[in-house]
Structure formats: structure tokens, C-alpha cells
There are 2 protein chains.
Amino acid sequence: MVGIDEVARHAGVSTATVSRALSGNGHVSPATRLKVEAAADELGYVVSSTASSLASGRMKNIGVVVPFLDRWFFSSVVEGAQKSLLNNGYDLTLYSLTGGGAERRSVFDHFLLRQRVDAVIAISLELTATEVTSLHALGKPLVGVGGPIEGVRTLTIDDVAVARLATEHLLSLGHTRIAHIGGNKDLDLDFHLPTNRRVGYENALDAAGITPAAELFMTADFTMRGGYQAAKQLLGNPHDRPTAIFAASDEMAIGAILAAKDLGLVVPRDVSVIGVDDHELADFFGLSTIAQFPQGQGAKAVEILLDQLSPGKHLTPNLNTPMPFELIVRSSTAQTPR
Amino acid sequence: MVGIDEVARHAGVSTATVSRALSGNGHVSPATRLKVEAAADELGYVVSSTASSLASGRMKNIGVVVPFLDRWFFSSVVEGAQKSLLNNGYDLTLYSLTGGGAERRSVFDHFLLRQRVDAVIAISLELTATEVTSLHALGKPLVGVGGPIEGVRTLTIDDVAVARLATEHLLSLGHTRIAHIGGNKDLDLDFHLPTNRRVGYENALDAAGITPAAELFMTADFTMRGGYQAAKQLLGNPHDRPTAIFAASDEMAIGAILAAKDLGLVVPRDVSVIGVDDHELADFFGLSTIAQFPQGQGAKAVEILLDQLSPGKHLTPNLNTPMPFELIVRSSTAQTPR
DNA sequence: ATGAAAGCGCTAACAA
DNA sequence: TTGTTAGCGCTTTCAT
């Protein structure tokens, strides 16, 4: 392993100059900078991140905590964050909490505290006050993605507005019997997302002078199977079945499309379906949806954090940053049959 | 941040003893170990990983490189590795190469070399000789998952055997016109997987005295849409259409099931379908498949690496470790109609 | 079994 | 603009 002093000797300067030239901190004349870079290149020198971190207190590494990794939303956010970090010379250390309680405690009590990360991104995780406090005590910036955390800067789409938009799209097509497949409330990783989306749905109906019917609301677990079962229930009713379904996630919406097919109904002729996410499968199924952009959310989280880490810059600490969303109309929604 | 000397003072011992007691290296009397642990607990002491790494040369961190993250196989392997690492006190630093060439170079030339990881796991990545060499030059153990890499320890299922098993399952049900949807060869991240699976398919047919028909072989891109299109082509043929399809991945197999439905065919009455993976959606679609266990592959990769890192133990360097697979029969395969 | 002390390889005052 | 040098917080010989 070639070290900094070897580069210094090679370039005929001091180690301090090498450090300055390569890191960009401090002033170095263009001429010497070139000399140093050449020497470093030639020797294949790469700074030892441990030594650099120990001396400077900066890790150039940020921790990302997710409840699971094998879900489209989470892995997409992580991917967005990763890309952005790479461009900034940062590493991403991943903590996936699949194991449950014990693992979670070990991550928060131990892993995140050992001076290995400069900041942390928590994805769709409802952090306890203790967890937030211990992170803040270390002076580690923290941002949440996908749900508001008490006293923490977070990025999330406006779930109420998203649901309202989806419902309004259906209303504008003439639908009046619009069902909603929401999430069960005990999905603790999803905050009040299920509730908020239901509220948006009801708001839109109210505004159109329609009273939300209890029998048109079903809950499921955000999976395709859950959506399928709920939709079968909804559409199997021989009388007064809904002409449109708004599902709180694309996976559930796809399940609903499949359920409709199995019941001999044609989408969108007999029933319109809209979801939320713009999941990777949405296009294949022709699903209309409200797109959110998880990769962009990951990238934005990184941007905020790096900004917070750069000295001097102290952003307005507005606690919730709304993220963009967008209606995408495909072939699963159409005018109501007259 | 409370440091090691504070703990030492608190416990009435030297910093060296604290280090030994907490790390498990070197001999410490049970009594003092207890004292030290108590003091550390009380003060909420956590070793500074940077200082520890700098002094010891061990990072307790391993790098995982993936081509993408938002695919079931990759995220599952990562999740398996993560879990296993956490239990061993290791961190996982993730590099996702989505960006292409530039990103890839930056990861291999820079990120992986800065003494931050003890070893690396490459998932479904065909590493160049240069990449392998530079990693080996640093003495960093390397294991590949999901495809053989020249001169590198790898974990993979026996693709030929997997394909043979899937095909034999269909043969045993009486099918003789069995189609295969394979991968296009230019998916460079997939090694010879497409070819190997095709070979296994043909082997099985040959053994049954059936000549593989060229018109029963289609390629696709491992996605649901690709499988759908290929299957429409295969099943749309009014004469002599296949009675069974073996797809090289579950996503393609699910696409095939949907295509069959759209053509008015009933699975498995009119056509049987089998895939490979045991994807999270396989169960919902009732898909028979050859399961591979990506989480287990991730865990196994970690096990090998940690073993390699522990002093003394030098495993047999058998270059390819075959991973388990298993036929799972659901409702998409049945006896051929007589 | 424990302690003293010399680094690990770099960064950041401080000086020049 | 550049060099000198004192740490960063731990681990690990080498003594004892």
C-alpha cells in the first residue's frame, strides 16, 4: 500500500501539501497540484479512508436504514441515494432491519454510533424518540424518507393530495361508485399513509357531493394478493358493484386488475383501476397511477444531508419537504359506461 | 463521545486491557472483563471504528457490488448478506453500478481501494481480469454470487441441472411439445446462464428421445413483458402449439401465464408453465418453479469471506460452490391433456 | 494477566 | 503558498 509520504517524496513536496492538493481543502498552486496528482496517479495512491477519517472526523459515508430491501420502493430509494453519494465520493452503508427488534436495537445502539457514518437516512421507518435523540446527541444529521418522523426533517409526498388527485381523475371520467382499497392500519412502517390516502379519497368524493360508502372501502396489505382478494370482494357483488377502484398502491391495483379479469370483467370497460407509485410493473399492466419518484427521493435526501454536512450552510429547517408526484394515465381508466 | 481511556479510568485498568476485554483478543481475567464491560455499558462507550481500523488494519466492513438493486434476485442476496454480517458485527457497504461504465470504474479504481472494506462480494457481475487483479493485489478476498468469474471463488446454482429438472418435471407429466423461453445472450450480467439453461433443457429432451424443435425456442429479456410476448408467439400458433413452457425465470413464466390467459387458454389444462427462481410473486400466480435461495446465497458468501478473513483458516479453494435448488410444484403444471 | 508506549496514515493548526 | 508537527483513538508488541 503506497502512502501519502511516498507521494510527497515523489512530488517533492510535504505530506500536508499532498493532502491539500488531493482533498481540495486549502490553497495549493496549480503547478504543484498537477505535480501531486501526477505522482499520485503514477503510484496508484488512494487515501486510506480510515486514517483520513480518524484525523479529520469526516467519514464520507452515510448510513441508510430500511425495513426491508426486497420491495420496489425501498430498493429504489436506496438506489437513488447510492448514485448520488457515489458522485460525491461518499459510501453508503446499508442496514436492513428484516430481523425485527433485536436487529433494530443492535443497529441503533451499536452500529450507527461507532463513528462510521456522517449522517443517516431512514426510509419508511417510524423512529422512536430515543433513537432520534441518540443520533442527534452525536450530532449526526438525519433525514427520513417516506413518512414524517417527530422532530426530524423528512421527505414525503402529500398523501392526501395524491389520493385526491387519483380520485378526481376517476370522478372526471364520470365515475360515482368509486371503491378504495387502503392499507391496514397496523402496517407500522407506513405511518399514517393508509389513513392519509383514505382521507384524500373521501375529500375528493365529498367535494363532488358524494358520500363515501362504507361498503366501498376495503383494506389490504399492500401486496398483489391482498389487492386481488379485496377487489374480488368488491367486484363480486352482483348488485351495485363499483365502476372504479382506487388502490393505495400499484401492487394492490394490479391485483385488482387480475381479480376483475378472473370475474370476467374487462378493464377499463367494466371497471377502471388506478394505483399509486408507478411501480416497475405498472406499464406492463397498462395501469394508470399517481407516480412518485423514489429514486429522486433518495437523491434529494442525499442532497439535503450533504448540504447539512458542508460547513456554514444551514438550511431552513422546514420539517417536511413535499416531494413531487404526477398523474400517469394508461389504459386501466376510462369513462364510466353509460 | 466517550473514549477508551475514560472507560479504562472508570474500570481502574489500562486502555490496553479495555481493548482486550472488549474485543476478545488477548487474555483478560473474567473478573476484569466484567468490570470493563460494566464500565463501558455505564458510559455508553462504543469503539470508534475508524481508530480501531487504523490501528488494527481490520475494517469490519465488506463491500457488496450489484449491477442493479431493484431486482428481486439482487436485493434478496444483499438482504441475506446483510443479515449475516450484522450478526458478526460487520457493516455492509453497497455499490450499485446502475450508472454504467463511469460508475463502475470509479467503484473499482477508487472506492474499493481506499481501505474501507475487508473483502468484497460481487453479485451477477462479470469482473474483468484487471478488476480481479487489483482486488487480489490488495489481498482482499472476493467471492462471486450468481455466475462464475475467472479465477474467483463463486457460488452458483448448477444452471444445467436446474433446467434439466424443470424439463424433466414437464416430461414426467407426459408433455412432449415443450417450449423454452430463454434469455438473450447479450445480457452480459448473466454470464452463460441463458445458454446453460438451454443446454439443460435440451439434455432432458434428448434423454427422453425428443429432438428439440427450433420453433419451440424463444428468447426474452427476463422480464414479465418479455415472457408475455414470447409466450404469445409460442401459443398463438393455431397448429401444434406447445403443451408446456419452461421459462428461464419466474418473471418470464408469469408473463407466459398471462399470455395464455389472454389467448383464452387455461393453465394448466391447456398449457403447463414452469419457471426458475421462486420469485416473491410465484406463489400468488400458482407458478411451479425451481426455487433458488438468494438470501441463502448471500449468507453463504459472507460465511466464506469471514472464514477467509479469520487467521489460519484457509479453506479449500474450490472455485465453484454449487448452491441448492428445489422443485416446487404449484398449480401451473399438470398432466398433458389426452 | 496486565501496563507502558509506540505507532496506524492522515489532517489541521501554526509557522514561515 | 508551503512545511512542521502534534494529534485523531485505538491496537499491539514488549515488558513485567
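Please read these numbers as outputs of a predicted model, since none were measured by experiment. The analysis underlying the following values was restricted to heavy atoms, covering all of them including side chains, and did not include hydrogens, waters or symmetry mates. Reminder, nothing fancy here: chain letters follow the sequence lines and each chain counts from 1.
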Please state how far atom [atom1] in [X] lies from atom [atom2] in [N], giving the value in whole angstrom units.
| X | N | atom1 | atom2 | value |
| --- | --- | --- | --- | --- |
| Asn25(A) | dC10(C) | CG | P | 15 Å |
| Glu6(A) | dG9(C) | CD | P | 11 Å |
| Gln115(B) | dC8(C) | CD | P | 13 Å |
| Arg20(B) | dC10(D) | CZ | P | 15 Å |
| Lys35(A) | dG3(D) | NZ | C1' | 13 Å |
| Met1(A) | dG9(C) | CE | C1' | 11 Å |
| His27(B) | dG3(C) | NE2 | C1' | 16 Å |
| Lys60(B) | dT11(D) | NZ | P | 11 Å |

**Asked** Which distance, rounded to the nearest 0.5 Å, do you find between the NE2 of His10(A) and the CG of Asp41(A)?
**Response** 11.0 Å
**Request:** Between Ala16(B) and Val18(A), name the one whose nearest nucleotide on DNA chain C is closer to the 5' end.
**Result:** Ala16(B)
**Item:** 5' priority, DNA chain C, between Ala55(B) and Thr15(A) [closest heavy atom]
**Value:** Ala55(B)
Is the phosphate of [N] approached by [X] (side-chain N or O, under 4.0 Å from OP1 or OP2)?
| X | N | answer |
| --- | --- | --- |
| Ser14(B) | dG3(C) | yes |
| Ser19(B) | dT11(D) | yes |
| Thr17(A) | dG3(D) | yes |
| Ser52(A) | dC10(C) | no |

**Between Arg114(B) and Ser48(A), a side-chain donor and acceptor under 3.5 Å** = no
**Asked** Under 3.5 Å, is there a donor-acceptor pair between the Ser75(A) and Asp70(B) side chains?
**Response** no
Out of [options], whichever nucleotide has its closest atom nearest the side chain of [X]:
| X | options | value |
| --- | --- | --- |
| Ile4(A) | dC10(C), dA12(C), dT11(D) | dC10(C) |
| Tyr45(B) | dT11(C), dG3(D), dC10(D) | dC10(D) |
| Leu54(B) | dC8(C), dG7(D), dG3(C) | dC8(C) |
| Ser56(B) | dG9(C), dA1(C), dT12(D) | dT12(D) |

If you look at every strand shown and take non-hydrogen atoms under 4.0 Å, does [X] touch a base, only sugar-phosphate, or nothing?
| X | result |
| --- | --- |
| Arg33(B) | nothing |
| Thr32(B) | sugar-phosphate |
| Arg114(B) | nothing |
| Val13(A) | sugar-phosphate |

**Complete:** Looking only at heavy atoms, the pair that brings Met1(B) and Val46(B) closest together is CE-O, 4.4 Å
**Asked** Do the non-hydrogen side-chain atoms of Thr156(A) and Val145(A) ever get within less than 4.5 Å of each other?
**Response** no
**Message:** What I'd like to find out is whether the side chain of Leu94(A) reaches to under 4.5 Å of the side chain of Val78(B), using heavy atoms alone.
**Reply:** yes
